[in-house]
Amino acid sequence: MRHVIALDVGGTGMKAALIGVDGTLLHEARRPTGRDRGPEAVVESILGFAAALRAHGVAHLGEPAAAAGVAVPGIVDAARGTAVYAANLGWRDVPLRDLLSARLAGVPVALGHDVRTGGLAEGRLGAGKGADRFLFVPLGTGIAGAIGIDGAIEPGAHGSAGEIGHIVVRPGGPPCGCGQRGCLERLASASAVSAAWAAASGDPEADAADCAKAVESGDPRAQEVWQHAVDALADGLLTALTLLDPRTLIIGGGLAEAGETLFTPLRAAVAARVVQFQTLPDIVPAALGDTAGCLGAGLLAWDLLDAPASPAQPADTDPPEVTT
């Protein structure tokens, strides 16, 4: 049965699937990245996982995968197939596409940024299905974005389009790892809400989910923390919709798991900020959860096979040297 390999690499774990022509998940698996053993070990974990998936396809589906797609965090040069930089994995300039293709007997491999790959899946298969223009914004440890245009994701001229988390919404605010102060992700990510609620509640173990529950129970301290985050998020989204004019705003990540505790005040806050020349987009929760990255990686692989002319892939030769 014809299929592709899909791999979603996270900071601590990997999700993978074998995906059929019609999008059916034929096999699913998970493994740790092994990042505690160093960046080279992470690369080897990925290559070994991909090889095991290929072997499963041969044994259970009657043939090896026709292509592979992999989504990774950090800075990605999809055109060159290089994982340029990933702080949580210790990577610098890893030629992951070529390494994977060599390990997989020369099949074509597509490499994508994790958030943009998840956005591709949400746009084609999930909450953005049917929308010609959308913005996918996951609210997790940080905040990123994927700009969807007619079923594809816009990477930008240098591969960094959609980094909404580094829009400055509170000038002079808390310092961000990017070097600025007052970035959106320092105020409205799940980790930012967790830190603010831990300080306000006096419980160092409290997190964003606890804050949401306290909001629902009417705790005024939680409501203040939550509203500060919602207001910052609304300001960042207003900038995005002013520039991009999306038809749909898809909000995902851990903070979105609060459901209407987030979406009701967020819709109201964005609506209150929209002025006459702007059109209020639909603001909806992501539909695919933590499967988005893996499904998106599968879409990248199928797109590679469907392309009129694919870039030449390396033969089954010695893998390139890894620089870390």
Side-chain angles (χ1 to χ4, degrees), residues 6 8 19 22-25 69 71 76 78 110 112-140 143-157 159-165 167 184 188 230 233-260 262-304 306-307:
D8 179 20
I19 301 178
D22 60 355
T24 303
L25 296 176
V76 177
H113 179 271
D114 56 354
V115 172
R116 288 195 288 272
T117 302
L120 179 67
E122 282 290 349
R124 291 196 197 170
L125 308 172
K129 189 174 182 179
D132 56 347
R133 300 286 190 280
F134 69 87
L135 178 64
F136 170 57
V137 181
L139 310 173
I143 297 178
I147 303 165
I149 303 174
D150 292 332
I153 300 298
E154 171 55 49
S160 58
E163 289 293 343
I164 186 176
I167 290 175
L184 178 60
V230 166
L233 181 56
D235 288 340
L237 292 176
L238 183 72
T239 297
L241 70 88
T242 302
L243 291 171
L244 303 173
D245 188 25
R247 198 171 304 279
T248 307
L249 282 172
I250 305 169
I251 309 297
L255 211 59
E257 294 176 7
E260 287 306 312
L262 173 66
F263 284 93
T264 296
L266 179 60
R267 292 185 184 112
V270 174
R273 288 161 169 75
V274 168
V275 296
Q276 187 173 0
F277 74 90
Q278 296 168 322
T279 301
L280 184 66
D282 292 330
I283 301 176
V284 300
L288 301 177
D290 73 350
T291 65
C294 199
L295 290 170
L299 290 173
L300 290 178
W302 283 118
D303 284 355
L304 204 55
D306 292 340

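Note that these values count all heavy atoms, side chains included, but never hydrogens, waters or copies made by symmetry. Each residue takes its place number in the sequence, starting with 1.
With rounding to the nearest 0.5 angstrom, the CG atom of Leu266 is 8.5 Å from the CG atom of Leu249. The structure places CG of Leu262 at 11.0 Å from CD of Glu257, a figure rounded to the nearest 0.5 Å. A distance of 5.0 Å separates CD of Gln278 from CG of Leu238, quoted to the nearest 0.5 Å. Taking CZ of Phe134 as the reference point, atom NZ of Lys129 lies at 13.0 Å (rounded to 0.5 Å). Between the CD1 atom in Ile164 and the OG1 atom in Thr239 there is a gap of 7.5 Å [rounded to 0.5 Å]. The distance from the CD1 atom of Ile283 to the CG atom of Leu241 is 8.0 Å, given to the nearest 0.5 Å.
Nearest heavy atoms, Gly296 versus Ala121: N-CB, 3.6 Å.
Annotation for Arg247: atom CZ does not count as buried by contact number, only 12 or fewer foreign heavy atoms lying within 6.0 Å.
Within the 3.5 Å criterion, the main-chain N or O of Gly128 finds no donor-acceptor partner in the side chain of Glu122. Between the side chain of Arg116 and the main chain of Gly159, a donor-acceptor pair closer than 3.5 Å is present.
In this structure, Ile19 and Leu25 have side chains that are in contact, with non-hydrogen atoms separated by less than 4.5 Å. Looking at heavy atoms from C-beta onward, Leu120 lies in side-chain contact with Leu300 at the 4.5 angstrom threshold.
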Next item on the list: Check the pair Glu260 / Arg267 against salt bridge (charged side-chain N to carboxylate O under 4.0 Å, His left out), numbers first and verdict last.
Entry: CA-CA 10 Å; Glu260 287 306 312; Arg267 292 185 184 112; 3.1 Å; yes
